[in-house]
Amino acid sequence: MKLTLELLLSPVGLTACGLVFLSLFVTWRSHRFFTRFLTYATTVLFLLASMPLFANLALGALERKATQEKICSPPPPGTLFVVLAGGIDGNPMHAQDFSALKTASLKRLLAAVQLAQRTPDSTLLISGGWGRTVREANLMGALAVQLGFPASRMILDTTSRTTFQTAVNTRERILQFPVGRRYLVTSADHMPRAMMAFAHEQVSICAWPVDYEAIPIQALDMLTPQISALDKTTRVVHELLGMLYYRLIKFQ
């Protein structure tokens, strides 16, 4: 109960309560259809987007799709693992500034390094071109070395800033490895869109989704607006809009 009250008194909770009261006020005082419709629609959309129940259902649907695409057997020796960066914060000035890596970048890299270390003669291809002085791939590559993965078995793609650019720019490198020894490592919610991009470039690659974040929520908390739920919903919308953009524009 204490946690629920704290969540309701957070900025997201107060915004949700304010919109509900605004809807009640508009119902009482306004007779204009457009005003009522706009207020009700805004309130409903915000409540849905900020509720863990809706956010986890939506994120879970994307993650289940990624799991369905994971139809490959455990990676054999000599496998290429393509790791997609998940962003950086600020402007890191040197390759050891690992704190600049966003959580998605860290989780993807840690999972890929762990997987590659269990796979003899494997290669890591790290793709991420965001950054000025130091790019995402530089930071992730340096961290992989710190974790014990040899730099001699690592390829850095520091030019690709989008998932689609990665599929285009790394195509020739990936095709040097036989089918069955190409694995794509990225967050589960990002995997469906990433697989679309590589399929468009006619690159057959095994999906290895990581970083699952859809979680079961306790009954009372799942209806309480939260910033974490809003973040998950935002990511779902980002991925869905990205896939729509691919189909309608990028793939035409």
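Bear in mind the structure is a predicted one, so any value in this text is a computation, not a measurement.
- Between Leu125 and Val83, the closest side-chain pair of non-hydrogen atoms is not below 4.5 Å.
- For the atom pair Met243 CE and Tyr245 OH, the distance stands at 15.0 Å (nearest 0.5 Å).
- In this structure, Arg161 contributes its side chain and Gly128 its backbone to no donor-acceptor pair below 3.5 Å.
- At a threshold of 4.5 Å between non-hydrogen side-chain atoms, the residues Met140 and Leu143 do not count as touching.
- Between the side chains of Thr170 and Asp157, no donor-acceptor pair of N or O atoms lies under 3.5 Å.
- Cluster annotation: Phe54 is not connected to Tyr40 through the hydrophobic network of ILVMFWY side chains, with a link wherever side-chain heavy atoms come within less than 4.5 Å.
- Heavy-atom minimum distance, Pro75 versus Leu115: CG-CD1, 4.1 Å.
- Residues Phe177 and Thr123 meet the side-chain proximity criterion, which asks for heavy atoms closer than 4.5 Å.
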Practice task
Kindly indicate, with the supporting measurements, whether the criterion side chain to side chain contact (heavy atoms under 4.5 Å, CB included) is fulfilled by Thr119 and Phe81.
Solution key: CA-CA 10 Å; Thr119 308; Phe81 296 103; 3.7 Å; yes
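- Side-chain contact between Ile155 and Leu124 is absent, with no heavy-atom pair separated by less than 4.5 Å.
- Atoms CZ and CE, on Arg132 and Met93 in that order, are 9.5 Å from each other to the nearest 0.5 Å.
- Donor-acceptor pairing under 3.5 Å is lacking for the side chains of Arg182 and Thr79.
- Placement of Leu45 and Val237 in two distinct hydrophobic clusters is found when ILVMFWY residues are connected by side-chain heavy-atom separations under 4.5 Å, directly or transitively.
- Nearest heavy atoms, Phe149 versus Ala116: CE1-CB, 3.5 Å.
- Clustering ILVMFWY residues whenever any of their side-chain heavy atoms sit less than 4.5 angstrom apart, transitively, puts Val236 in the very cluster that holds Leu244.
- Asp121 is not listed as a side-chain neighbour of Arg181, based on a closest heavy-atom distance of 4.5 Å or more.
- Remark: the Asp231 side chain and the Ser228 side chain contain no N/O donor-acceptor pair separated by less than 3.5 Å.
- Taken together through direct or relayed side-chain contacts under 4.5 Å among Ile, Leu, Val, Met, Phe, Trp and Tyr, Leu48 and Ile215 form parts of separate hydrophobic clusters.
- In Gln176, the CD atom is crowded: over 12 heavy atoms of neighbouring residues, nucleotides or ligands sit closer than 6.0 Å.
- Residue Ala142 comes nearest to Ala95 through the heavy atom pair CB-O, 3.3 Å, listed as atom of the first residue, atom of the second, then distance.
- Here the closest non-hydrogen pair linking Ser127 and Thr166 is OG-OG1, 2.8 Å.
- Atom CG of Leu101 is separated from atom CG of Leu109 by 7.5 Å, given to the nearest 0.5 angstrom.
- Without hydrogens or angle criteria, Gln226 side chain to Met51 main chain gives no donor-acceptor distance under 3.5 Å.
- Judged by distance alone, the side chain of Asp189 and the main-chain N or O of Leu59 form no donor-acceptor pair under 3.5 Å.
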Problem - Evaluation steps, side chain to side chain contact (heavy atoms under 4.5 Å, CB included), between Val26 and Thr35 - result: CA-CA 8 Å; Val26 166; Thr35 301; 4.2 Å; yes
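- Remark: the backbone N or O of Val134 is not paired with any side-chain donor or acceptor of Asn138 at under 3.5 angstrom.
- His200 and Phe251 have parallel rings, their planes meeting at less than 30° on a 0 to 90° scale where 60° marks the start of perpendicular.
- Side-chain contact between Arg171 and Phe198: absent, with no pair of heavy atoms (C-beta onward) separated by less than 4.5 Å.
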Exercise for the section: Starting from the C-alpha separation in whole Å, work towards a yes-or-no answer on side chain to side chain contact (heavy atoms under 4.5 Å, CB included) for Cys72 and Trp208. Expected result: CA-CA 8 Å; Cys72 301; Trp208 197 272; 5.8 Å; no
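- In this structure, Gln117 contributes its side chain and Leu147 its backbone to a donor-acceptor pair below 3.5 Å.
- For the residue pair Tyr212 / Ser187, no side-chain donor-acceptor distance below 3.5 Å is found, with atom types taken as modelled.
- Cluster annotation: Leu47 and Leu223 are assigned to the same hydrophobic cluster (Ile/Leu/Val/Met/Phe/Trp/Tyr, side-chain heavy-atom contacts under 4.5 Å, transitive).
- Residues His190 and Arg235 fail the side-chain proximity criterion, which asks for heavy atoms closer than 4.5 Å.
- The two atoms that bring Arg247 and Gln252 nearest to each other are O-NE2, 2.6 Å, heavy atoms only.
- If you take OG1 on Thr163 and CE on Met191, they are separated by 10.5 Å, rounding to the nearest 0.5 Å.
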Exercise for the section: Begin from the C-alpha positions of Arg108 and Glu136 and carry the test salt bridge (Lys or Arg N to Asp or Glu O under 4.0 Å) through to its verdict. Expected result: CA-CA 12 Å; Arg108 296 172 190 181; Glu136 295 164 303; over 6 Å; no
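- Although no hydrogens or angles enter the test, the distance criterion places no donor-acceptor pair under 3.5 Å between the side chain of Glu239 and the main chain of Leu62.
- Note that OG1 of Thr186 is 8.5 Å distant from CG of Asp211, once rounded to the nearest 0.5 Å.
- The two residues Ala229 and Ala55 have their closest heavy-atom pair at O-CB, 3.4 Å.
- Between the side chains of Ser23 and Thr43, a donor-acceptor pair is found at a separation under 3.5 Å.
- For Lys107 (side chain) and Lys102 (main-chain N/O), no donor-acceptor pair under 3.5 Å exists by modelled atom type.
- Taking the six-membered ring where tryptophan is involved, the planes of Trp28 and Phe25 are perpendicular, since the angle between them exceeds 60° and thus also 30°.
- Between Thr162 and Gln165, the closest side-chain pair of non-hydrogen atoms falls below 4.5 Å.
- Interatomic distance, CG of Leu139 versus CZ of Arg135, reported as 11.0 Å (0.5 Å rounding).
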Practice task
I would like to know whether Arg153 and Ser122 meet side-chain hydrogen bond (donor to acceptor under 3.5 Å, both in side chains); could you show each step before the answer?
Solution key: CA-CA 7 Å; Arg153 288 162 46 198; Ser122 59; 3.3 Å; yes
